[in-house]
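Taking it in order: structure first as structure tokens, then the write-up.
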Amino acid sequence: MASKLKVSKARDKFKMLRKQYPIFTYKSFNWYTKKNDLVIKFNFQCEEIEFNPSSIIKFPNGIALEKMVKSRKTFIDHLVFSIGLIEMVSYWKATCSPEVQITCGHLTKGQQKWWKHLYYHGLGEFFYLNKINTNENDFVNFTCAEKPKFEKIEKFKPSSSKLLVPIGGGKDSLASVSILSKTKDEKFYLLMNPTKAAKDSVKLATKNYQEQTVYINRVIDKKLLDLNAKGFLNGHTPFSAMLAWYTTLTSIFTKTKYTCLSNEASANEPTIIGTNINHQYSKTIDFEKNYNTYLRRYVNPHYVYQSLLRPLNEFQIVGIFSQNEKNLKIFKSCNVGSKQDKWCCDCSKCLFVAILLAAHIGIERTRKVFGVDILDKKSLKKEFLELIGQADTKPFECIGTIDEIIVSITLIKQKEPVLFKKQFLLRYFEMHFSNVYANPNEIKEIKETFFKGHSLNPYFKKLVYESYTQANS
């Protein structure tokens with residue numbers, strides 16, 4: 001009965017807010033240069049509430065920003081307008097207004113359909129956790145101004161030997177750095193509100209980091225945090241989709257044809273098994289393909305947004321990443337502690353990374369990475385059950401598949417049977433789920449499968465395959 005009441009109250013809040021705030025308006029966007037910075041500002045309004053988020057993109061001194069913007073104004077307008085459409089989601093979700101009025105630009109019917117698809121699937125976790133029952137057709141409708149209409153531009157052609165590499169400071173982006181270190185392509189690194197681990201990752205990647213790094217400082221309007229505190233709707237939004245638009249805008253000035261993300265095949269697995277609800281939707285191959293289609297059809301056909309790690313699973317990525325001892329000292333994949341440059345050692349993300357690391361570098365070396373025996377923590381039993389598929393949902397985190405975790409636990413047992421029994425969570429697995437251990441064929445599949453559903457051209461595919469085979473040898 002209690003759970004039914006909670007669902008009812010959540011649905012009532014959703015309906016009440018939509019009635020109280022029927023229209024959300026994307027009123028304006030603005031950008032200008034300040035020395036070698038591109039300053040971006042947005043204005044969103046919802047009844048009496050006004051939001052003014054902003055961003056500053058800081059380019060290296062070697063890029064003549066002010067000179068370049070003169071010939072690219074229309075192109076920049078289109079991309080900044082589009083960034084506003086994805087930034088808007090964070091604010092719209094507070095009220096889930098049934099109508100979004102766009103008064104600063106026009107979207108065709110095809111574009112509206114694309115954006116609705118992104119919003120709906122990118123907010124799947126948000127809808128699920130807030131008990132919101134809706135569908136892709138009805139959850140929001142757009143009304144747009146007739147002008148300005150942003151036409152596709154084809155005259156700006158970036159260099160195919162220049163790469164833009166977003167860096168987050170975790171194991172995945174460091175694996176990409178490792179793979180790309182074997183190329184002679186000119187690289188720019190993109191950091192958004194960077195952590196120390198992200199900055200250290202770039203310094204490890206290149207000695208010329210000052211000339212090769214673009215920084216984005218993204219500022220959330222504090223009024224959104226005030227609404228969250230007052231009980232308005234809140235939850236996860238598709239961050240990687242926002243990053244996609246910022247990378248394309250950045251590519252105009254760095255003249256980089258390829259953005260090389262670090263999203264893996266594992267991101268395609270739903271968080272809620274048997275549904276399309278995925279915490280990592282905007283890291284999936286579905287979003288990647290849809291985004292490239294949108295660029296080709298509506299923006300500029302010469303830019304490519306791709307994930308370098310898409311042919312690999314998380315288990316294989318850790319194999320590549322962990323070969324470099326320096327990586328182990330730098331990376332931080334914990335969302336809770338990364339801003340303080342530490343592992344919290346109490347979340348499902350920390351536990352997931354520890355399990356995969358232990359399968360590759362052993363329990364003792366893994367303990368040194370985290371500073372504690374995470375695999376021995378009784379307090380993480382709930383998170384452990386979610387990771388191994390013994391709960392209704394996987395953790396709402398960017399993690400690998402259940403199969404990868406089971407294979408990793410199996411390998412730890414095979415390699416270190418004595419230490420295995422001394423770790424509470426591993427011992428618990430042995431006592432209650434001994435029938436779940438991976439068999440040799442399942443282990444081989446996780447170790448050796450090179451995911452075919454990727455978008456890499458032969459050049460990038462060869463780079464990834466060489467690193468993958470080297471790590472497996």
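One is the number of the first residue; the rest follow in order along the sequence. Computed over heavy atoms, backbone and side chain alike; hydrogens, waters and symmetry mates excluded.
- Residues meeting the side chain to side chain contact (heavy atoms under 4.5 Å, CB included) test with Asn292, sequence neighbours left out: Glu288, Leu295, Arg296, Val304, Tyr305.
- Side-chain atoms of Ile446 and Ile443, non-hydrogen and from C-beta on, never get closer than 4.5 Å to each other.
- For CZ of Arg297, the number of neighbouring non-hydrogen atoms (other residues, nucleotides, ligands) closer than 6.0 Å is 12 at most.
- The side-chain heavy atoms of Phe460 and Leu163, taken from C-beta on, include a pair separated by under 4.5 Å.
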Taking only distance into account, with no hydrogens and no angle test, what donor-acceptor pairs under 3.5 Å do side-chain atoms of residues 104-114 form with protein atoms, sequence neighbours excluded?
residue	atom	partner	partner atom	Å
His106	ND1	Ala145	O	3.0
Thr108	OG1	Gly110	N	3.4
Thr108	OG1	Gln111	N	3.1
Thr108	OG1	Gln111	OE1	3.3
Gln111	OE1	Thr108	N	2.8
Gln111	NE2	Tyr294	OH	3.0
Gln112	NE2	Leu107	O	3.2
Trp114	NE1	Asn290	O	3.0

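- Taking the six-membered ring for Trp, Phe384 and Tyr428 have ring centres at least 6.0 Å apart.
- Partners of Tyr26 under the ring-ring contact (aromatic ring centres under 6.0 Å, His included) rule, at least two apart in sequence or in another chain, are Phe44, Phe81.
- Of all heavy-atom pairs between Phe24 and Cys46, the closest is CD1-CB, 3.7 Å.
- For the side chain to side chain donor-acceptor pair (under 3.5 Å) test, no residue two or more places apart in sequence or in another chain qualifies with Lys27.
- Residue pairs that meet the salt bridge (charged side-chain N to carboxylate O under 4.0 Å, His left out) test with at least one member in residues 220-244, sequence neighbours left out, are Asp221-Lys223.
- Within 6.0 Å of atom NZ in Lys152, more than 12 heavy atoms from other residues, nucleotides or ligands are found, so the atom counts as buried in its surroundings.
- Remark: Asp392 pairs with no residue by the side chain to side chain donor-acceptor pair (under 3.5 Å) rule, at least two apart or across chains.
- Put simply, the side chain of Asp37 never gets that close to the backbone of Val39: no donor and acceptor are under 3.5 Å apart.
- Residues Phe126 and Thr237 form no side-chain contact, since every pair of their non-hydrogen atoms from C-beta on lies 4.5 Å or further apart.
- Figure legend: cation-pi geometry between Lys58 and Tyr215 absent, as NZ or CZ is not positioned both under 6.0 Å from the six-membered ring centre and within 45° of its axis.
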